[in-house]
Amino acid sequence: MAQKPRSTKPRSPPATAPRLGRALKRSFFDRSVHEVAPDLIGTTFLVDGVGGIITEVEAYHHSEPAAHSYRGPTPRNQVMFGPPGFSYVYRSYGIHWCVNFVCEQPGSASAVLIRALEPTHGLAAMRRRRGVEDERALCSGPGKLCEALGITIAHSELPLDRPPIALHARLEAPDIVAGVRIGITKAVDLPWRYGLKGSKFLSKRFPR
DNA sequence: CTAAGGATCTACT
DNA sequence: GTAGATCCTTAGC
C-alpha cells in the first residue's frame with residue numbers, strides 16, 4: 001500500500017544567506033563621502049563572516065561641526081585623516097562602539113557611520129552576543145550592530161577589503177531615502193542620513 | 001523620560 | 001597638571 005505522501009525528505013533547511021555580490025575594493029571609498037554613503041546602502045558588511053545588508057548610514061565631513069574631525073586630528077580620530085578605505089571605531093557614551101568607513105583623499109577627514117544592518121549571516125552569533133532573539137533588534141543602531149558583529153577598538157584602522165572585514169556589492173539598485181542625522185547637536189539640519197526605503201531594520205523610521 | 005558609562009576634549013590653574 | 005562638559009547610544013522605567 002502506498003504510503004501517505006508525507007515528506008520523506010529532511011525538513012527544508014534554514015533560510016540560506018543571500019548570494020553575495022563582488023567584493024568591494026578599498027578604492028570604492030576614494031570618492032566624496034556624499035557619493036559613498038548612499039552607495040553603501042544595500043551592500044553587505046561582514047566581520048569574520050557575520051553581518052548583513054547595510055540599511056542605514058550617515059555621512060560626516062570635516063567641514064561641519066558634527067564630525068569628529070571638525071577640530072583637526074587627535075589621537076582618537078587620526079585615522080579619519082589618513083587614506084580612504086579604512087575603519088574608524090570609537091567609543092560612544094562610554095558604553096558602545098560605533099564603526100565608520102573613511103572616505104575621500106587623505107586629509108579629507110570624512111567618514112560614513114554605519115548605523116544599521118539587516119542581519120543575513122551568522123544570526124546565531126549575533127543573538128548570542130546581543131542577548132536578544134528578535135532579528136530586528138540585533139543590528140538596528142550603531143552600537144547594537146557593533147555588539148552583534150563583535151566590533152571593538154581592535155577593529156579600528158583596519159583595511160575594509162581584507163579579513164576580518166569584507167564588503168560585497170549590492171546586486172540591485174535599492175530605493176534610498178534621506179533625512180537628518182540622529183543623535184547630534186550640531187549641524188542638525190544637514191540631510192546626510194541615508195536609508196533603505198521601506199526597510200524594517202532601521203535604527204529609527206525616516207519621517208515621510 | 002533618564003541613568004549608565006568612560007573616553008575625550010577644552011579651558012583653564 | 002586637573003575640572004567640567006560633551007558625547008555619531010541604548011535599555012529600561
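In what follows, chains are A, B, ... by sequence order, proteins preceding strands, each numbered from 1.
Residue A:His68 has a polar side-chain atom (N or O) positioned under 4.0 Å from OP1 or OP2 of C:dC8.
Here the side chain of A:Arg76 is nearest to one of B:dC9, C:dT9, C:dC7, namely B:dC9. Across C:dC8, C:dT10, C:dC7, the shortest atom-to-atom separation from the side chain of A:Tyr90 is found for C:dC8. Of the candidates C:dC7, B:dC9, C:dT9, the closest approach to any side-chain atom of A:Thr185 belongs to C:dC7. With distances taken from any side-chain atom of A:Ile95 to the nucleotides C:dT10, B:dC9, B:dA4, the minimum falls on B:dA4.
Residue A:Glu58 holds its CD atom at 11.0 Å from CG of A:Leu190, rounded to the nearest 0.5 Å.
C:dC8 is unpaired under the Watson-Crick or G-U wobble criterion, no partner having all donor-acceptor distances under 3.5 Å. Nucleotide B:dG5 is matched to nothing when pairs are restricted to Watson-Crick or G-U wobble geometry with both distances under 3.5 angstrom.
A:Ser63 and A:His61 share a donor-acceptor pair across their side chains, judged by distance under 3.5 Å alone.
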Practice problem: Determine, step by step, whether A:Arg26 and A:Asp161 satisfy the salt bridge (Lys or Arg N to Asp or Glu O under 4.0 Å) criterion, reporting the C-alpha distance in whole Å, the side-chain angles of both residues, the deciding distance to 0.1 Å, and the verdict. | Solution: CA-CA 6 Å; A:Arg26 233 176 290 175; A:Asp161 58 357; 3.0 Å; yes

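Atom CZ of A:Arg31 has more than 12 neighbouring heavy atoms from other residues, nucleotides or ligands inside a 6.0 Å radius.
Here A:Tyr60 lies parallel enough and close enough to stack on the base of C:dC8, with planes under 30° and ring centres under 5.5 Å apart.
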